[in-house]
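Remember, it's 1-based here, ligands and their atoms both numbered in the order they're listed. Quick note: residue numbers are just sequence positions, from 1.
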Amino acid sequence: MPNSMKPKILVTKHLYPEAIDFLRERVEVEYHDSDEGYPPDELLDHLRDKLGVVSQLTDKFPAAVMGALPNLKVISNVAVGFDNIDIPAATARKILVTNTPEVLTDTTADFAFTLLLATARRVVEGDAYLRSGQWRQWRIDLLCGYDAHHRTLGLVGLGRIGQAVARRARGFSMRILYYDAISAPSHVERELGLEFVSLDTLLAESDFVSLHVPLLPETRHLIGAEQLARMKKTAILVNTSRGPVVDEAALAAALASGQIAGAGLDVYEREPEVDPGLLGLHNAVLAPHIASASIDTRTKMCLMAAENVVSALEGRRPPNLVNAELWPQA
Ligand code: DGY
């Protein structure tokens with residue numbers, strides 16, 4: 001089909017090339033092949049004549065932006081999270097929103113466990129210690145940390161990723177508590193050996209607390225000073241969900257004062273800024289939002305987003321529709 005007859009889309013930032021090839025065969029693509037993307041005011045200009053956009057979590061779509069884009073039919077986000085998009089506003093304007101679930105579940109769960117173990121066993125401190133030439137001899141108490149095996153893990157949120165973390169924890173013979181808005185079906189609890197508890201019980205009894213909730217008004221600062229104070233002094237907090245789920249300043253203070261033992265973080269309240277209080281702490285392992293960053297998974301996410309936008313523009317129900325009420329299944 002000549003380009004002039006194809007629907008036009010914008011790809012806001014660099015994607016894996018397989019996805020760009022897929023898109024170029026099917027739609028007319030304006031591709032901003034950079035990591036920064038357009039500044040927000042320019043982004044709007046580039047979107048005015050587009051029917052679709054392949055966006056990333058750093059692109060913001062508040063109601064005002066969507067209101068200025070009467071041609072826009074679909075926002076295909078290359079992420080499972082979609083807190084960068086005002087979903088009720090999109091739905092009100094009949095803009096389809098899609099995401100990339102499932103392909104990143106195991107990769108993200110692997111990384112949550114990586115942070116848990118790296119923090120508990122002081123891997124990053126050990127690396128710095130060795131490289132700086134401080135290692136002189138084996139010592140009985142050198143960089144001793146905490147065991148993960150046979151300890152208690154508290155999962156806050158038991159969606160796909162929370163469950164995948166539970167599967168890993170079973171291999172470490174951990175007791176697994178979870179808290180969520182509703183309890184899981186009993187066959188899931190049985191299969192994964194889970195105990196449903198209140199958030200307060202989970203915080204008080206867990207040696208590791210791992211967060212797996214979406215960012216919603218109800219989950220913003222779900223973990224603040226009060227919740228950190230309920231945790232054990234030997235406990236470790238892991239966050240691979242969204243930064244604002246944790247009050248970052250309160251967390252920095254809790255780590256500095258020894259209120260809790262450590263934190264393994266992949267996400268932050270004001271990315272890419274990180275609370276300066278966290279940066280100097282030896283008991284925080286800090287990753288730059290890379291939990292889903294394996295080459296395979298990121299490639300799959302890009303392809304999935306490409307398929308989502310093309311389906312919508314070809315008149316088919318996109319496989320990963322977030323605002324499903326816009327296209328009820330037959
Ligand atoms: C997501 O998908 O929401 C992650 O934060 C990036 O993979």
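- Checked against side-chain contact (heavy atoms from CB on, under 4.5 Å), Leu69 has the following partners two or more places apart in sequence or in another chain: Leu44, Leu47, Arg48, Val65, Leu72.
- The residues lining ligand 1, counting any heavy atom closer than 4.0 Å, are Leu57, Ala79, Val80, Gly81, Leu104, Arg242, His289, Ser292, Met301.
- Side chain of Asp35 to main chain of His14: no donor-acceptor pair is present (N/O by atom type, distance under 3.5 Å, no hydrogens or angles).
- Residues Ser76 and Thr98 bring a donor and an acceptor atom of their side chains to less than 3.5 Å of each other.
- Applying the side chain to side chain donor-acceptor pair (under 3.5 Å) test to Glu195 and every residue at least two apart in sequence or in another chain returns Arg175.
- Partners of Ser132 under the side chain to side chain donor-acceptor pair (under 3.5 Å) rule, at least two apart in sequence or in another chain, are Gln134.
- One finds the CG atom of Leu115 at 7.5 Å from the OG1 atom of Thr240 (value rounded to the nearest 0.5 Å).
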